[in-house]
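This is the structure, below, for whatever I ask next.
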Amino acid sequence: GFEVADVPIEVVMQDPNWTLASPPAPPTATVVFSGPMGELLRLGIDRPRIMLVIDEVRDSTEFHPLQARWVRVDADLRRTHVESVRPSNVLLSFERMTTRLLPVAVRTRGELPPGLELASPVRSDPPDVRVSGPTTRLQAMDSVRLVPIELGEMYGPSTVTVAIDT
């Protein structure tokens, strides 16, 4: 067979209650192909990958088998077949997803132009937003930070649309 090493294992999460906590272990596999030499040589250009779809998570750490039918190649290789995948299993670590309501932290930078002053504190509308993500990341957050508003660019009463600072 024709061996291709370092084939990336891509995990596709379908379970909305969990997220991947770390890359798969190991992150790559070796795939053995058989087929006509012309098609096999194209595997060096159109690199294969393994698509591991996770429909339901039962535990925070799980072993999952790697199956030949999950190997994906973009090239049209009609007569090439996957013979085997090594290792036969991969270890996946998951983290629960959660949702929290967090206050929006408005930030400013610079000074207002001469002759202007703030009539009231800068505020956001809405003052709170619902955030979803891995539990450990959300527990560490006390607010959702906005990209700083440049006060030097204000020329009177203003409503500014600002992106969330990710």
For the student: nearest non-hydrogen atoms of Val7 and Val31, plus distance: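 Answer, listing the atom of Val7 first, then Val31: CG2-CG2, 3.9 Å.
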Linking Ile, Leu, Val, Met, Phe, Trp and Tyr by side-chain heavy atoms under 4.5 Å, what else ends up with Val53?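 Members besides Val53, by chain and number: Val12, Met51.
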Closest contact, heavy atoms only, Leu112 versus Leu118: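 What the structure gives for the nearest pair is CD1-N, 3.6 Å.
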Run the side-chain contact (heavy atoms from CB on, under 4.5 Å) check on Leu66 and Asn89 step by step: do they pass? CA-CA 5 Å; Leu66 294 178; Asn89 289 293; over 6 Å; no
Does any donor atom in the side chain of His81 or Glu83 lie under 3.5 Å from an acceptor atom in the other side chain? no
CZ (Phe94) and OG1 (Thr61) are apart, to the nearest 0.5 Å, by 8.5 Å
Measuring from Phe2:CZ to Leu43:CG, what's the distance to the nearest 0.5 Å? 6.0 Å
For Arg145, is there any backbone N or O sitting under 3.5 Å from a side-chain donor or acceptor partner on Ser143? no
Given the rule that I, L, V, M, F, W and Y join up when any side-chain heavy atoms are under 4.5 Å apart, are Val85 and Val32 in one cluster? no
Within the 4.5 Å heavy-atom criterion, are Phe33 and Val71 side-chain neighbours or not? yes
Sub-4.5 Å side-chain heavy-atom contact between Pro26 and Val90: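 Sidechains of Val90 and Pro26: in contact.
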How far apart are the closest heavy atoms of Gly35 and Leu40, and which atoms are they?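 So the two residues come closest at O-CD1, 3.2 Å.
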Quick one: do Arg123 and Asp125 make a salt bridge, cutoff under 4.0 Å? no
Would a distance-only check, ignoring hydrogens and angles, find a side-chain to backbone donor-acceptor pair under 3.5 Å from Arg100 to Leu138? yes
Nearest atoms (heavy-atom pairs only) where Pro113 meets Gly152: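 Heavy atoms of Pro113 and Gly152 come nearest at CG-O, 3.8 Å.
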How about Trp18 and Glu56: do any of their side-chain heavy atoms sit closer than 4.5 Å? no
Apart from Leu91 itself, residues in the same hydrophobic cluster as defined by side-chain heavy atoms under 4.5 Å: Phe63
Just how far is it from atom CG of Asp46 to atom CG of Leu41, taken to the nearest 0.5 Å?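 Nearest 0.5 Å value for the CG-CG distance: 12.0 Å.
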To the closest 0.5 Å, what do you measure between CG (Leu20) and CD1 (Ile54)? 8.5 Å
For the residue pair Met97 and Pro134, establish whether any side-chain heavy-atom pair is separated by less than 4.5 Å. yes
Under the criterion side-chain contact (heavy atoms from CB on, under 4.5 Å), which of Thr99, Ile164, Leu102 is the partner of Val131?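 That would be Leu102.
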Could you tell me whether the side chain of Pro126 reaches within less than 4.5 Å of the side chain of Val104, counting heavy atoms only?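 The answer is no, as the side chains (C-beta and beyond) never meet within the 4.5 Å cut-off.
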For residues Glu62 and Val57, report the shortest heavy-atom separation together with the two atoms involved. OE2-C, 3.5 Å
What distance separates Met154 CE from Leu116 CG, expressed to the nearest 0.5 Å? 10.0 Å
Do you see a donor-acceptor pair shorter than 3.5 Å between the side chains of Glu95 and Ser60? no
Do the non-hydrogen side-chain atoms of Arg107 and Val162 ever get within less than 4.5 Å of each other? no
State plainly whether the residues Arg86 and Glu3 are in salt-bridge range, i.e. N to O under 4.0 Å.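 Result for this pair is yes, salt bridge flagged.
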Heavy-atom closest contact (Asp128 atom, Pro103 atom, distance):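 That closest heavy-atom pairing would be OD1-CA, 3.2 Å.
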Side-chain heavy atoms of His64 within contact of Leu52, under 4.5 Å: yes
Does a salt bridge link Arg47 with Asp74, judged by any charged N lying under 4.0 Å from a carboxylate O?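 A salt bridge is absent here (no side-chain N lies under 4.0 Å from a carboxylate O).
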Starting at CG of Leu92, measure out to CE of Met13 and round the result to the nearest 0.5 Å. 8.5 Å
